**Student:** 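Below is a structure I'd like to ask you about.
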Number of protein chains: 2
Amino acid sequence: MKKIKSAPICKIEIVDKSKVKKAKKNLENNRQILQMANIFKLLGEPTRLKIILSLINSELCVCDLAAAIDSTVSSVSHQLRLLRNARLVKYRKEGKMVFYSIEDEHINKLIEQVNEHIEES
Amino acid sequence: MKKIKSAPICKIEIVDKSKVKKAKKNLENNRQILQMANIFKLLGEPTRLKIILSLINSELCVCDLAAAIDSTVSSVSHQLRLLRNARLVKYRKEGKMVFYSIEDEHINKLIEQVNEHIEES
DNA sequence: ACAACACTTGAACATTTGCTCAAATGTTAT
DNA sequence: ATAACATTTGAGCAAATGTTCAAGTGTTGT
């Protein structure tokens, strides 16, 4: 049943070649995977997640965001830049103030999904 | 000259107190937020995300997983432990081999949601 | 023009974290 | 019992990352 060929990384052979092949099919689009990982990573930091959660109800200026999540304006601004770049939040300028809000409702659905997962454990 | 208007964290006052209050309401359950962030963080690393994506079609043993994502058995095993702890994957022992699979379908839905977000940019 | 303000940005620092290597565990076969 | 094997685990290290502090940008009001 098992075949013996020269070992690549593991010492053992691949156990089920067809399953590995199928699995690799899901990994073909590497650029997309990195993009997905980046979105998840951004939501995976408490500070940034709190920013997102704060923005679910309404837009907020940077200072109010800092107050809401109990952080500093500088730290929040740094994180907002990352969220902006990934199009998780958008902003609107009004005089010297900048109001941030959530870019689209996929984010809200992501939050809901994760909550469902958590509530079951 | 300096101007002191009862400065809290920012020098400025909170601009919209009611909105900040609402925002804070979403942050009350800190334990839950940390749990959510942890799930996102786990999916936010390319290696781990690839593991999850590989497991979408079928269960795989550790060695085949390593082959699928082009990594080492040790590295994969380390990451699997984290995914196991967060109940993102489950496992089944068969002799000296261990087969991993996805714990529940919320994970698949998370992946779908993120893809929808990406496809729009 | 000047100062105050809301926000952004860069650099330095400490912490976190993923990978590698080596050793350990537990299972199966001889 | 010994050997081979699939997987796990711990320590060490380099790279990534979040926060802080200070300086910079652009806008408003005097």
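In this text, all values refer to a predicted model and were calculated from it rather than measured experimentally. Chain letters run A, B, ... following the sequence lines, proteins first and then strands; every chain starts at 1.
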**Student:** With sequence neighbours left out, which residue pairs that include part of residues 37-58 of chain A fulfil the side-chain hydrogen bond (donor to acceptor under 3.5 Å, both in side chains) condition?
**Tutor:**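 Residue pairs with at least one partner in residues 37-58 of chain A: A/Arg48-A/Gln79.
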**Student:** Could you check which residues of residues 50-58 of chain B get a heavy atom under 4.0 Å from DNA chain D? Sort them by number, please.
**Tutor:**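 Close to the strand, none.
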**Student:** Determine, for nucleotides 18-30 of chain D in 5'-to-3' order, which nucleotides have protein heavy atoms under 4.0 Å from the base (write B), from only the sugar-phosphate (write S), or from neither (write -).
**Tutor:** SSBBB----SS--
**Student:** Write down the distance between CG (B/Leu80) and C1' (D/dT9), rounded to a whole number of angstrom.
**Tutor:**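 After rounding, the gap between these two atoms is 13 Å.
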**Student:** Can you name the nearest heavy-atom pair linking A/Leu27 to B/Ala68, along with the distance?
**Tutor:**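 Nearest heavy atoms, A/Leu27 then B/Ala68: CD1-O, 3.6 Å.
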**Student:** Measure from the side-chain heavy atoms of A/Cys61 and tell me the nearest of D/dT7, C/dC7, D/dT9.
**Tutor:**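 From the listed options, C/dC7 comes nearest.
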**Student:** Over all strands shown, is A/Tyr100 touching base, sugar-phosphate only, or nothing at heavy-atom distances under 4.0 angstrom?
**Tutor:**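 Sugar-phosphate contact only - A/Tyr100 comes under 4.0 Å of backbone atoms but never of a base.
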**Student:** If every non-hydrogen atom of A/Ala86 is compared with every non-hydrogen atom of A/Ile39, which pair is closest and at what distance?
**Tutor:**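 Looking at all heavy atoms of both residues, the shortest contact is O-CD1, 4.2 Å.
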**Student:** Give me the atom names and distance for the closest heavy-atom approach of A/Val89 to A/Ile52.
**Tutor:**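 Taking A/Val89 first and A/Ile52 second, the nearest heavy atoms are CG1-CD1, 3.8 Å.
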**Student:** Could you state the atom-to-atom distance from CG of A/Asp64 to C1' of C/dC5 in whole Å?
**Tutor:**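 Going from A/Asp64 (CG) to C/dC5 (C1'), I get 14 Å.
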**Student:** Please give me the minimum heavy-atom distance between B/Leu110 and A/Phe40, naming the atom from each residue.
**Tutor:**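 Nearest heavy atoms, B/Leu110 then A/Phe40: O-CZ, 4.0 Å.
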**Student:** Determine whether A/Arg84 and A/Arg81 make a side-chain contact, defined as any pair of heavy atoms from C-beta on separated by less than 4.5 Å.
**Tutor:**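 They are in side-chain contact.
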**Student:** Could you state the interatomic distance from NE2 (B/His117) to CD (A/Glu105), rounded to the nearest 0.5 Å?
**Tutor:**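 Atom-to-atom, B/His117:NE2 and A/Glu105:CD are 10.5 Å apart.
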**Student:** With respect to the phosphate group of C/dC7, does any side-chain polar atom (N or O) of A/Arg92 fall under 4.0 Å of OP1 or OP2?
**Tutor:**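 Looking at the OP1 and OP2 atoms of C/dC7, neither is under 4.0 Å from any side-chain N or O of A/Arg92.
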**Student:** What is the distance from CG of B/Leu34 to P of C/dT16, rounded to the nearest Å?
**Tutor:**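 About 14 Å, once rounded to whole Å.
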**Student:** Rounded off to whole Å, could you give me the CZ-to-P distance for the A/Phe40 and D/dT17 pair?
**Tutor:**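 Checked: the CZ to P distance equals 17 Å.
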**Student:** Between atom CZ in B/Arg81 and atom C1' in C/dT25, what is the gap in whole Å?
**Tutor:**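 Answer to the nearest Å: 15 Å.
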**Student:** Just the rounded figure in Å: distance from C1' of C/dC7 to CG of A/Leu65.
**Tutor:**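 So the CG-C1' distance, A/Leu65 to C/dC7, works out to 12 Å.
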**Student:** Flag the pair B/Ser74 / B/His78 as yes when at least one side-chain heavy-atom distance between them is below 4.5 Å, and no otherwise.
**Tutor:**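 Heavy-atom side-chain distance check passes, below 4.5 Å.
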**Student:** Can you tell me which residue among A/Asp104, A/Leu43, A/Leu80 is in a side-chain contact (heavy atoms from CB on, under 4.5 Å) with A/Leu88?
**Tutor:**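 The single option meeting the side-chain contact (heavy atoms from CB on, under 4.5 Å) with A/Leu88 is A/Leu43.
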